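Step one of this worksheet: look at the structure below.
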Amino acid sequence: MAEKSFKYIILGGGVSAGYAAKEFASQGVKPGELAVISKEAVAPYERPALSKGYLFPEGAARLPGFHCCVGSGGEKLLPESYKQKGIELILSTEIVKADLSAKSLVSAAGDVFKYQTLIIATGSTVLRLTDFGVKGADSKNILYLREIDDADNLVEAIKAKKGGKAVVVGGGYIGLELSAALRINNFDVTMVFPEPWCMPRLFTADIAAFYETYYTNKGVKIIKGTVASGFTAHSNGEVKEVQLKDGRSLEADIVIVGVGAKPLTSLFKGQVEEDKGGIKTDAFFKTSVPDVYAVGDVATFPMKMYGDVRRVEHVDHSRKSAEQAVKAIKAAEGGGSVEEYDYLPFFYSRSFDLSWQFYGDNVGDSVLFGDSNPSNPKPCFGAYWIQGGKVVGAFMEGGSGDENKALAKVAKTRPVAESLDELTKQGISFAAKI
Ligand code: FDA
Ligand code: NAD
């Protein structure tokens, strides 16, 4: 078995890994100093594409079109670019053992990788219905979406079951984006989720009402307040029917499950401090173990603005945390330091012709503004969250570039709100004045 040593190893080949590699390259690494190790077979790419352009029936996005770092307008790192920049890209290599005190990683094939500095960028994995013991959940064509192999399986299933029936389990990000993608591919789509409205971890009932009506108008059927409790299969093992806890059953040619994700931290259990389900870091993404950093979905970091610690499962943070960690590592080598990470939460999604952005914190009271009529051909509305008399969060569907910038400014500066009525009346012009 081979043993290799590097000054820096980035463990993981997702969004954070791509942005960390870009930052190392822009600061300068010597050939052989840096390795990126990924269990995926492709170089780091912009994961959000998998639930959007990758599934278009025509003109679908494909690699190398969306390798990191095109998502933020940065240089596209093609597989060969890593070599040109002196970075070793070690693909199709799963690390199965990590010994943080010995500074070594071991792959499934038994290869050993030694490092001086490690950046953990292992991201998240999907929660599976089989984990909860749901009967028949291992039937064929019950699909999940996290990595490019999953997306390829989904594309194959969409082709094989053309125009068939799809059941989407979960009403969060995957549920909403995949219901739209399947509908665009002409599937008869039913979405099932347990809560009273979709995307409850961000949307208010008012915001959700817009999306639910819009989706219904597009032909997506929505069943709320229940969960998939079992599946039956055809004799060839392919899923046939979804049983719901409320007694109903739905025919299905394919089932997409999006019931949440969990950070991949198990390799490091007992070796590093954890918090809120993730690896605890400081404002430079340094963990409790010397020379070990954690970025992206796995990091639980200080949220300076709010004086608490959080874990964020969104792409903007995965990019920025990776850049921050590499900047901190390089600055420390030169005896310097960088500013503390001061993150403003930013989430977004796109589906059908819709596109929303959210900045800040969705706590306290909320008000809706603008035209949230789902039948409007160009819907454009928003919401503010107000806590302690200040606007702390801002959301907009269909906002222009300038309007979205204004939302970010509001969330960052947290201006005083005169009254909820006044905010509703002023709408986006309140943000534009900040
Ligand atoms: P990420 O999951 O990107 O990468 C982790 C990498 O580590 C993977 O390559 C994995 O294979 C590898 N790995 C894990 N364990 C390993 C091991 N033991 N050995 C070797 N390699 C290992 N966010 C948003 O803000 N807007 C959006 O529109 C979307 N859209 C979206 C769509 C889909 C389908 C998903 C799954 C997610 C999103 N997200 C999103 C969330 C966003 O993509 C996510 O937060 C970032 O990808 C997280 O980046 P990380 O690098 O932390 O993990
Ligand atoms: P999520 O947490 O957004 O939503 C999970 C949903 O499933 C929730 O509505 C939850 O209540 C519901 N649910 C839980 N158990 C259920 C059950 N047994 N039956 C039916 N519904 C059930 O998670 P997700 O949508 O699976 O997304 C996975 C990860 O990918 C997350 O980290 C997410 O942030 C990320 N992602 C983000 C985006 C984006 O930011 N635009 C897009 C896609 C994926």
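Start at 1 and go down the list; that is how both ligands and their atoms are numbered. None of the values given here were measured: they were computed from a predicted structure. Atoms considered below: every heavy atom in the structure, side chains included; atoms not considered: hydrogens, waters and symmetry mates.
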Identify the closest protein heavy atom to atom 43 (C) of ligand 2: which residue and atom is it, and at what distance? Y173 CB, 3.5 Å

In the protein, which heavy atom is nearest to atom 20 (C) of ligand 2, and how far is it? V169 CG1, 3.4 Å

To which protein heavy atom is atom 31 (C) of ligand 2 closest, and what is the distance rounded to 0.1 Å? E313 OE1, 3.3 Å

Among V96, T122, V42, the residue with a heavy atom nearest to atom 14 (C) of ligand 1 is T122

Atom 28 (O) of ligand 1 - nearest protein heavy atom and its distance: K52 NZ, 2.5 Å

So for ligand 2, is G260 a polar contact partner (N or O within less than 3.5 Å, distance only)? yes

From the options V134, V227, I256, L202, select the one whose nearest heavy atom is closest to atom 18 (N) of ligand 2. V227

Would R201 count as a contact residue for ligand 2, given that I'm defining contact as a non-hydrogen atom of the residue lying under 4.0 Å from a ligand atom? yes

Are F395 and W356 close enough that their ring centers fall under 6.0 Å? yes

With nothing but distance in play, are any N or O atoms of D297 less than 3.5 Å from an N or O of ligand 2? no

Can you find an N/O atom of I174 closer than 3.5 Å to an N/O atom of ligand 1? no

What protein heavy atom lies closest to atom 30 (O) of ligand 2? Include the residue and the distance to one decimal. R146 NH1, 4.0 Å

List the closest protein heavy-atom neighbour of atom 7 (O) of ligand 1: residue, atom name, distance to the nearest 0.1 Å. G12 CA, 3.2 Å

Nearest non-hydrogen atom to atom 41 (C) of ligand 1 belongs to which of R319, E313, Q357? E313

Checking the N or O distance criterion of under 3.5 Å, is ligand 1 in contact with L50? no

Would you say Y348 contacts ligand 2, with heavy atoms under 4.0 Å as the rule? yes

Which residue supplies the protein heavy atom nearest to atom 18 (N) of ligand 1, what is that atom called, and how far is it? I95 O, 2.9 Å

Between E23 and K320 (salt bridge meaning N to carboxylate O under 4.0 Å), is one present in this structure? no

Any nitrogen or oxygen of V298, main chain or side chain, under 3.5 Å from a nitrogen or oxygen of ligand 1? no

Do any nitrogen or oxygen atoms of E94 lie less than 3.5 angstrom from nitrogen or oxygen atoms of ligand 1? no

Consider only side-chain N and O atoms of E80 and Q84, and report whether a donor and an acceptor are under 3.5 Å apart. no

Top protein contact for atom 44 (C) of ligand 1, by heavy-atom distance: D297 OD1, 3.6 Å

Below 4.5 Å, heavy atoms only, C-beta onward: do S16 and H317 meet side chain to side chain? no

Please confirm whether P194 approaches ligand 2 to less than 4.0 Å, judged on its heavy atoms. yes

Do NZ/NE/NH1/NH2 and the carboxylate oxygens of K240 and E238 come within less than 4.0 Å? no

As a quick check of understanding, evaluate salt bridge (charged side-chain N to carboxylate O under 4.0 Å, His left out) for D297 and R146, giving each step before the final call. CA-CA 13 Å; D297 280 13; R146 182 76 209 178; 3.3 Å; yes

